[in-house]
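Contents: one structure, followed by commentary.
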Protein chains: 2
Amino acid sequence: MTINEIAKLAGVSRATISRYLNDGYVSQDKRDKIKQIIEETGYTPSSYAQTLRSKKTNYIGVIIPKIDSDSIGRMVSGITSVLSKKNYQILLASTNNNASEELKYLRLFKENHVDGIILLGTIFTKEHIKTLASYQVPIVILGQNVKGYSCIYSDDYHAALSLGRKLSKTSTNPAMITVTSEDVAVGLNRRKGFIDAFKENGKTIHKKNIKEVAFSFDAAYEACKELISNDKTIDAIMCATDTIAAGAIKYLRETKLKVPEDIEVTGFGDSKLSLVSYPSITTVHFFYEDAGIKAASLVLDKINKKEKTSPNLGIQLEYNLVERESTKKLD
Amino acid sequence: MTINEIAKLAGVSRATISRYLNDGYVSQDKRDKIKQIIEETGYTPSSYAQTLRSKKTNYIGVIIPKIDSDSIGRMVSGITSVLSKKNYQILLASTNNNASEELKYLRLFKENHVDGIILLGTIFTKEHIKTLASYQVPIVILGQNVKGYSCIYSDDYHAALSLGRKLSKTSTNPAMITVTSEDVAVGLNRRKGFIDAFKENGKTIHKKNIKEVAFSFDAAYEACKELISNDKTIDAIMCATDTIAAGAIKYLRETKLKVPEDIEVTGFGDSKLSLVSYPSITTVHFFYEDAGIKAASLVLDKINKKEKTSPNLGIQLEYNLVERESTKKLD
DNA sequence: TTGTATGCGTTATCAT
DNA sequence: ATGATAACGCATACAA
């Protein structure tokens with residue numbers, strides 16, 4: 001079914017059909033006739049031909065490091081809710097934590113002429129910046145604060161700071177299980193927050209008590225084992241994510257160490273895990289779904305007023321401290 | 001940058017460029033020249049124009065009920081891993097558990113001329129079947145067994161049966177928290193398996209001890225409260241998902257009922273939740289990522305040998321019983 | 001091996 | 001208000 005066949009059936013020119021579909025500048029009787037024909041045939045215009053002419057795809061490219069993650073799932077959920085309402089399609093690309101894949105998809109999106117891109121990244125190399133700079137389509141970065149770009153990010157530093165302040169009141173020999181500092185948001189900023197919080201109270205986190213692991217439950221379990229084996233006096237473990245905290249707690253439970261009586265543990269992200277875990281995990285709530293919503297809205301805004309000069313604003317999201325059972329209550 | 005400009009720069013006709021990009025029927029010297037020009041300019045062909053001509057989009061439409069779910073995340077993860085390797089793009093549509101949205105996206109995919117569709121559905125209405133029947137592109141259904149279609153599904157009935165058999169040895173007054181039977185895989189089949197297992201041992205699950213809830217932690221918590229309030233002698237609760245089991249356990253813990261000593265609990269799906277929960281949850285492992293991989297491979301197979309008559313095969317996946325702390329150990 | 005010409009399904013410009 | 005007609009960027013049959 002093409003516009004030509006519809007035109008023939010309706011006894012008008014294809015230009016009229018096109019007008020019916022777009023401007024609407026068509027007489028009532030032709031309009032009725034066309035409507036009927038279209039309904040009968042179930043005709044839908046070819047979006048590819050439309051794109052070829054109008055340069056508008058209604059695609060938004062979304063790049064994520066992996067899909068089976070609580071926080072990412074919630075962000076994508078926010079993105080889809082906004083975009084589907086506005087009749088945009090999502091082109092999803094998952095890199096499986098492989099930074100070079102990110103660049104590949106960035107290029108692929110270029111070929112597909114997406115109207116906009118949402119990049120949910122972890123590590124930003126110079127090459128990233130270079131590739132991004134060569135783009136003309138609106139880009140929003142989610143979860144990291146990269147200067148020169150529109151970003152939606154959470155206040156990881158202060159969130160970690162407030163978590164750290166709480167622990168610093170009770171802990172004298174704290175430890176930390178974190179991720180690579182190349183991940184500025186999760187690795188670097190949270191780490192800094194923890195360290196500074198203890199510094200405020202004149203306490204320090206020993207270098208040897210800081211373990212760097214992958215984003216995984218099992219890796220955290222092993223890291224916790226190493227920490228405890230090396231130093232039995234550790235009385236608090238700050239973890240860069242809830243998953244890591246859950247892995248640590250699993251090990252502690254197995255060795256009969258009591259949480260929080262013997263060791264306090266904190267997570268990050270307020271995932272379902274942190275609620276279900278026993279003891280439930282003290283953590284920080286980030287409004288991930290809201291972040292996804294904001295990112296999608298922002299990218300649509302940029303598309304619509306397509307001034308390339310539209311300011312690249314950064315939006316920092318709120319956070320809430322969520323106190324649960326894995327830390328000691330202070331009167 | 002279009003093929004015409006490249007042709008001009010390279011001093012050849014655009015047909016030669018096209019051949020360079022496709023068949024490769026080009027002399028060595030022109031080939032070198034073209035290669036150089038393309039690299040200099042960073043030209044990439046318009047996939048829309050290509051599609052308009054060749055009718056091949058390299059898009060696979062993926063419809064899911066929601067993205068922030070452990071099992072779905074794992075399936076999508078499997079899908080992306082296969083598709084990205086084969087240079088297919090994923091058009092992702094999330095329905096937020098709204099069946100009518102599914103039909104909308106099915107139509108949208110038609111407009112976008114996806115090469116294939118993977119439908120990760122929950123409830124199949126007559127309308128679904130009707131809409132699907134009008135499609136010419138390969139479709140693979142993931143997670144449900146719908147006759148007449150290629151499906152990748154897990155053996156929910158027998159998995160529930162083996163879970164039920166285990167419980168039926170120790171429990172005399174079992175209960176169940178499940179979801180709507182309209183969801184054949186999760187609601188109906190698992191329910192049947194549980195019931196039949198007890199029947200084998202001459203025991204029955206009382207109707208009043210069967211609660212139907214949404215796929216949510218909180219709903220499960222409430223349902224468990226109702227069950228226990230109505231009948232203090234319940235000694236086992238079979239749950240249709242791990243999330244539901246986790247919600248139930250949370251309530252039980254709050255009321256000081258011991259799991260598994262006072263009440264045994266089972267989940268379904270072997271999500272991270274089931275491992276992290278305390279007590280950890282006896283459940284069934286499904287190879288979700290593998291299912292995603294199989295679905296993606298199958299849809300690609302169908303696309304390549306595009307005989308419409310390709311048989312619609314159903315692939316039933318294996319499962320493993322995973323015994324953890326939420327059920328009693330038998331000698 | 002290469003170029004010419006045509007068409008894919010639209011939209012937009014121009015007459016009428 | 002409507003209809004020719006050209007153009008979007010590409011692939012391919014055909015001719016050379």
Side-chain angles (χ1 to χ4, degrees), chain A residues 1-38 41-59 87 89 107-115 136-137, chain B residues 1-38 41-59 87 89 107-115 136-137:
Chain A
M1 253 330 122
T2 79
I3 200 172
N4 280 308
E5 305 178 59
I6 301 296
K8 206 165 291 169
L9 286 172
V12 297
S13 78
R14 66 167 178 248
T16 304
I17 305 293
S18 179
R19 269 191 293 267
Y20 170 86
L21 260 16
N22 300 285
D23 322 81
Y25 216 62
V26 183
S27 67
Q28 192 56 50
D29 47 340
K30 307 242 175 208
R31 174 179 300 283
D32 295 340
K33 180 69 181 167
I34 293 172
K35 184 175 180 195
Q36 182 202 333
I37 298 288
I38 288 184
T41 57
Y43 160 78
T44 53
S46 154
S47 58
Y48 296 93
Q50 285 179 321
T51 296
L52 190 58
R53 280 289 311 193
S54 61
K55 305 295 180 214
K56 205 163 174 319
T57 60
N58 270 32
Y59 286 152
N87 277 318
Q89 281 293 294
R107 275 190 290 272
L108 215 49
F109 285 164
K110 197 173 189 177
E111 288 173 32
N112 288 322
H113 292 104
V114 296
D115 292 339
Q136 53 310 56
V137 299
Chain B
M1 247 337 114
T2 79
I3 200 172
N4 279 310
E5 305 178 60
I6 300 297
K8 206 165 291 170
L9 286 171
V12 298
S13 79
R14 66 167 181 246
T16 303
I17 306 292
S18 178
R19 270 191 292 265
Y20 171 86
L21 260 17
N22 300 284
D23 323 82
Y25 217 62
V26 183
S27 66
Q28 193 55 49
D29 48 340
K30 307 243 176 208
R31 174 179 300 282
D32 295 339
K33 180 69 180 168
I34 293 172
K35 185 177 178 193
Q36 181 203 335
I37 298 289
I38 288 184
T41 57
Y43 162 77
T44 52
S46 154
S47 58
Y48 298 93
Q50 285 178 322
T51 296
L52 192 57
R53 280 286 312 191
S54 61
K55 305 294 182 210
K56 202 160 177 322
T57 60
N58 270 32
Y59 286 153
N87 278 318
Q89 281 292 295
R107 276 190 289 272
L108 215 48
F109 284 164
K110 198 173 189 175
E111 289 173 31
N112 288 323
H113 292 105
V114 295
D115 291 341
Q136 56 305 58
V137 300

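Chain letters run A, B, ... following the sequence lines, proteins first and then strands; every chain starts at 1.
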Between the side chains of A/Gln28 and A/Asp32, is a donor N or O closer than 3.5 angstrom to an acceptor N or O?
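Result is yes, a qualifying pair exists.
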
Does any non-hydrogen side-chain atom of [Y] lie less than 4.5 Å from one of [X]?
X: B/Leu21; Y: B/Ile38; value: yes
X: B/Leu9; Y: B/Thr41; value: yes
X: A/Arg19; Y: A/Val26; value: yes
X: A/Lys35; Y: A/Tyr20; value: yes
X: B/Val137; Y: B/Phe109; value: no

Send over the distance from [X] [atom1] to [N] [atom2], rounded to a whole Å.
X: A/Ile3; N: C/dG7; atom1: CD1; atom2: P; result: 18 Å
X: B/Arg31; N: C/dT2; atom1: CZ; atom2: C1'; result: 13 Å
X: B/Ile34; N: C/dT1; atom1: CD1; atom2: P; result: 13 Å

Where the side chain of B/Ser27 is concerned, which of D/dC10, D/dA11, C/dT1 is the nearest nucleotide?
C/dT1

For A/Tyr48, the side chain to side chain donor-acceptor pair (under 3.5 Å) test, sequence neighbours excluded, returns none

In Å and rounded to the nearest 0.5 Å, what is the OG1 to NZ distance from A/Thr2 to A/Lys8?
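It comes to 8.0 Å.
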
Within residues 48-58 of chain B, find the residues that approach DNA chain C with a heavy atom at under 4.0 Å, and present them sorted by residue number.
B/Leu52, B/Arg53, B/Lys55

Identify, residue by residue, the members of residues 5-21 of chain B with a heavy atom below 4.0 Å from DNA chain C, and return them in order of residue number, or none.
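Here the set is B/Val12, B/Ser13, B/Arg14, B/Ala15, B/Thr16, B/Arg19.
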
Output yes when at least one side-chain N/O atom of A/Asn4 is less than 4.0 Å from OP1 or OP2 of C/dG9, else no.
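No, because none of the side-chain N or O atoms of A/Asn4 sits under 4.0 Å from OP1 or OP2 of C/dG9.
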
